[in-house]
Asker: 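Could you have a look at this structure, given as structure tokens, before my questions?
In what follows, chains carry the letters A, B, and so on, assigned in the order in which the sequence lines appear, proteins first and then strands, with residues in each chain numbered from 1. Owing to the predicted nature of the structure, the values given are computational and were not obtained by experimental measurement.
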Amino acid sequence: MNFILDATVKAVKHLYDIDIAAADINLQETRKEFEGQVTVVTFPFTKFSKKSPEQTGTEVGEFLKNELSEVSGFNVVKGFLNLSIADEYWINQLYNEILPDTFAVVPANGQKVMVEYSSPNTNKPLHLGHVRNNLLGFSISEILGAAGYEVIKANLVNDRGIHICKSMLAWQKFGNGETPESTRLKGDHLVGKYYVIFDQEYKAQIKELKDEGQTEEEAKKNAPLIKEAQEMLQQWEAGNEEVISLWKTMNNWVYGGFAETYRKLGVTFDKFYYESDTYLLGKDIVDEGLAKGVFFRKDDGSVWIDLTSEGLDEKLVLRSDGTSVYMTQDMGTAQLKYNDFHMDKSIYVVGNEQDYHFKVLFTILKKLGKDGADGLFHLSYGMVDLPTGKMKSREGTVVDADDLIEKMEQTAKEQTEAMGKVDGFGEDEKQQLYHTIGMGALKYFLLKVDPKKRLLFNPEESVDFQGHTGPFIQYTHARIRSVLSRAKITNADVTVSQLAPEERDLIVSLTQFPEIIKAAADGYSPAVIANYVYEVAKIYNKFYHECSILQADDENVKEFRLQLSAASGKVINKGMKLLGIDVPERM
RNA sequence: GCACUUGUAGCUCAAUUGGAUAGAGCACCUGACUACGGAUCAGGAGGUUAGGGGUUCGACUCCCUUCAAGUGCACCA
């Protein structure tokens, strides 16, 4: 639509002798209650024209109509100039822009971006909150890739600390040598089981101590189990062989379990970082900050940064005993990542409870003048709530990722079988389809919501396959494939001269795909893609209903509609891929 | 208490980043031709955009304020 912007600049210059920038012109899709496809908002021009909005719009409209052969007509409503673009233009768009394989393919922009996501703790299995994180991280990686970036997907695994020691200790004490093999439990679930056991036993000890007269706080500190766990952590840090060996064994169980969950979710990583390697990093940056005067040392030896002028507080970056805190580590890890990849941008997909932490971290790195500091972004997403409220592990309301995936597949199976949709499918093909549909429903349900908003996960609605859902879009794709399989496109060059309104609406919508990808990348929002793909599917279904394809009166029209269907199928397929969702050929 | 985020139809979400009469889905009601897939399509009903003020040609969007919800405010990660 650049040619309209350029011509509008020309119009304003010609009519009012004022130079405006194309970027300042507000161009939008014409609302469906008005005639036309493209609307120029002409309110701002009245400043120069010194005329009424209607008059101004008419003058610009006349100019554009004379200037551009593509503009077949216009109408003016207040400050809105609605342009009718000739059918020929849209038909050309389909053949010359949308159908070629280069459509919506953005050339590499030479920039690298790292997306860190997932970043699990290794003491328990993944739950619904992690699922949102993983889907967001994977999808935004795909989107940035489609927008021209070279993407590095990174996973910073929190593999050390008191939490994993708790699981280790409980297993040592109560495990009787259980392994994933002996129990046929997924490794992450087995380790999670012992984390829960630790918690139960620990609570029992606290209660005992309280009964003996200690306060809650004292009891929590003095319980033998927690002391043992802390001791184990110290032994780990000291490199005690037995502890390290157990740690390795149990972490490997967890990794085996995670790998399976990741595979089912369809997410992948290019680079793993482990906190056991990074937790001591950052001290050299503390020195650097002190030298540069960005940090200061207090009398007790602790090191701080004063961010009160930024509206933040004073923040500790190194303990008085010289050991690292979370912030120290993250400064060091940021440096490590940059040294590894020299990326232009670095995205952290982390929940919004860490908003403040990242605000501080980014401010520090900027103050230190670190390379890449301007490209830092915290993709902050809201918590996932259930209709009953928050997920609470204590109350057993945490939705386990593996259970959830299984349930989605099961529901897909029931629904599909009830509709008799899988006649003629092989057994593997059926299982594959149930997975595709179940995950399509789940992923779409989680990704259609703006990341920064809290997400209400209603299990009943998430398995809905009608309306604004993943399966609706998948169904539309299967329907397109079905039509295309019934007729061959014999002459790719055949075309028509006039469009039905549904055909025009569909082409207009398809042409927006490239700008939608850009908007999703700029806004770090898969939801933009999700809502767009739904629009396309909806418009296609309307077209499908109103315009007979195989029974079209004219061979040319039939060919044209097949081409249009093929184009729609491609956009739907590609859009869904950006969300990490597969689309089936049949369903 | 302070900071950040959010508040749109009964419910779940949109709204081209300041543009037209605020749109979809679910649920509810009504309809769809011997036809390409009815997981579809068309129609109805449903709104003081949490409340109040302001900025301007124009505000769900920006500013102020009140209210509500969530999160954060450790020499934890």
Side-chain angles (χ1 to χ4, degrees), chain A residues 26-34 39 41 43-44 46-47 52-53 77-80 82 121 158 160-163 275 279 298 300-304 311-313 316-327 329-330 351-357 359 380 382-383 385 387 390 415-416 418-419 421 437 445 448-450 452-458 460-462 464-469 471-476 478-484 486-487 512 515-516 519 522-523 527-528 530-532 534-535 537-538 541-542 544-552 558 561-562 565 586-587:
Chain A
N26 189 341
L27 209 63
Q28 51 190 293
E29 199 183 340
T30 304
R31 307 198 123 207
K32 32 184 183 307
E33 59 263 39
F34 302 104
T39 295
V41 182
F43 275 116
T46 56
K47 260 179 264 166
S52 71
V77 182
K78 291 191 272 183
F80 299 93
N82 302 319
N121 291 346
N158 187 3
R160 56 133 246 140
I162 192 73
H163 52 84
E275 282 203 18
Y279 80 109
K298 288 194 178 176
D300 63 1
S302 58
V303 180
W304 298 72
L312 307 170
D313 300 323
L316 178 89
V317 295
L318 194 72
R319 289 195 187 101
S320 50
D321 64 4
T323 58
S324 303
V325 289
Y326 184 36
M327 191 61 74
Q329 260 185 69
D330 263 10
N352 64 9
E353 73 269 14
Q354 295 197 37
D355 283 355
Y356 187 76
H357 172 75
K359 214 181 227 179
S380 163
M383 300 287 101
D385 291 332
K390 291 184 58 178
Q415 298 262 329
T416 306
M419 284 188 286
K421 292 269 189 179
I437 297 175
F445 189 81
K448 74 174 178 183
V449 181
D450 185 341
K452 69 173 175 286
K453 292 191 178 175
R454 94 179 215 292
L455 180 82
L456 187 78
F457 186 82
N458 185 327
E460 279 159 34
E461 285 179 21
S462 70
D464 220 328
F465 294 170
Q466 273 140 32
H468 191 181
T469 66
F472 167 86
I473 299 166
Q474 291 174 320
Y475 170 79
T476 306
R479 192 183 224 186
I480 290 170
R481 299 306 305 166
S482 170
V483 178
L484 292 176
R486 285 166 194 275
Q512 292 164 353
E515 34 189 293
I516 292 291
D522 291 348
V528 171
N531 287 303
Y532 168 74
Y534 172 65
E535 279 303 313
K538 222 169 39 152
N541 278 321
K542 190 180 170 83
Y544 179 90
H545 193 261
E546 298 297 323
C547 302
S548 189
I549 300 168
L550 300 178
Q551 261 73 35
K558 177 178 163 184
R561 288 179 179 168
L562 285 169
S565 296
R586 299 190 289 162
M587 67 183 276

Asker: For Tyr356(A) and rA77(B), give me the distance from atom OH to atom C1', rounded to whole Å.
Answerer: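 Distance, rounded to whole Å: 17 Å.
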Asker: What nucleotide among rA77(B), rU21(B), rG19(B) has an atom nearest to a side-chain atom of Lys78(A)?
Answerer: rU21(B)
Asker: Going by salt bridge (charged side-chain N to carboxylate O under 4.0 Å, His left out), name the residues that satisfy it together with Arg586(A), two or more places apart in sequence or in a different chain.
Answerer: Glu429(A)
Asker: Could you check Phe34(A) against Met419(A) and say which one's nearest nucleotide on RNA chain B is further toward the 5' end?
Answerer: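 First, find each residue's nearest nucleotide; the 5'-ward one identifies Phe34(A).
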Asker: Can you sort out the partners of Arg486(A) under salt bridge (charged side-chain N to carboxylate O under 4.0 Å, His left out), two or more places apart, ordered by chain and number?
Answerer: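 For Arg486(A), no residue satisfies salt bridge (charged side-chain N to carboxylate O under 4.0 Å, His left out) once neighbours in sequence are set aside.
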Asker: Counting only side-chain nitrogens and oxygens, does Lys390(A) get under 4.0 Å of the OP1 or OP2 atom of rU71(B)?
Answerer: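 Yes, because at least one side-chain N or O of Lys390(A) sits under 4.0 Å from OP1 or OP2 of rU71(B).
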Asker: If pairing requires Watson-Crick or G-U wobble contacts with both distances under 3.5 Å, which nucleotide is the partner of rA20(B)?
Answerer: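 For rA20(B), the partner nucleotide comes out as none, under the 3.5 Å rule.
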Asker: Name all residues meeting the salt bridge (charged side-chain N to carboxylate O under 4.0 Å, His left out) criterion together with Lys359(A); count only those two or more places apart in sequence or in a different chain, and write none if there are none.
Answerer: none
Asker: Has the side chain of Asn82(A) got a donor or acceptor atom sitting under 3.5 Å from an opposite partner on the base of rA20(B)?
Answerer: yes
Asker: Between Tyr326(A) and rA77(B), is there a contact of a side-chain N or O with OP1 or OP2 at under 4.0 Å?
Answerer: no
Asker: Base contacts versus sugar-phosphate-only contacts with protein, heavy atoms under 4.0 Å: please encode nucleotides 6-16 of chain B as B, S and - from 5' to 3'.
Answerer: SS---SSSS-B
Asker: Identify, with sequence neighbours excluded, every residue that meets side chain to side chain donor-acceptor pair (under 3.5 Å) alongside Glu353(A).
Answerer: none
Asker: Which word best sums up how the rings of Tyr326(A) and His357(A) line up, parallel for under 30°, tilted for 30 to 60°, or perpendicular for over 60°?
Answerer: parallel
Asker: The side chain of Phe43(A) lies closest to which of these nucleotides: rA20(B), rA39(B), rC57(B)?
Answerer: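 Among rA20(B), rA39(B), rC57(B), the one nearest the side chain of Phe43(A) is rC57(B).
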Asker: Can you check whether Arg319(A) has a side-chain N or O nearer than 4.0 Å to OP1 or OP2 of rA77(B)?
Answerer: yes
Asker: Is Lys538(A) near enough to rA24(B) that one of its side-chain N or O atoms lies under 4.0 angstrom from OP1 or OP2?
Answerer: no
Asker: Report the residues that fulfil salt bridge (charged side-chain N to carboxylate O under 4.0 Å, His left out) with Asp313(A), sequence neighbours left out, ordered by chain and then residue number.
Answerer: none
Asker: In terms of relative ring orientation, are Phe445(A) and Phe457(A) parallel, tilted or perpendicular, with 30° and 60° separating the classes?
Answerer: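 Perpendicular: the ring planes of Phe445(A) and Phe457(A) meet at over 60°.
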Asker: Sticking with atom P, work out how far rU6(B) lies from rG18(B), rounded to a whole angstrom.
Answerer: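 Their P atoms lie roughly 14 Å apart.
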Asker: Hey, is rU65(B) sitting syn or anti, using the within-90° cutoff around 0?
Answerer: anti
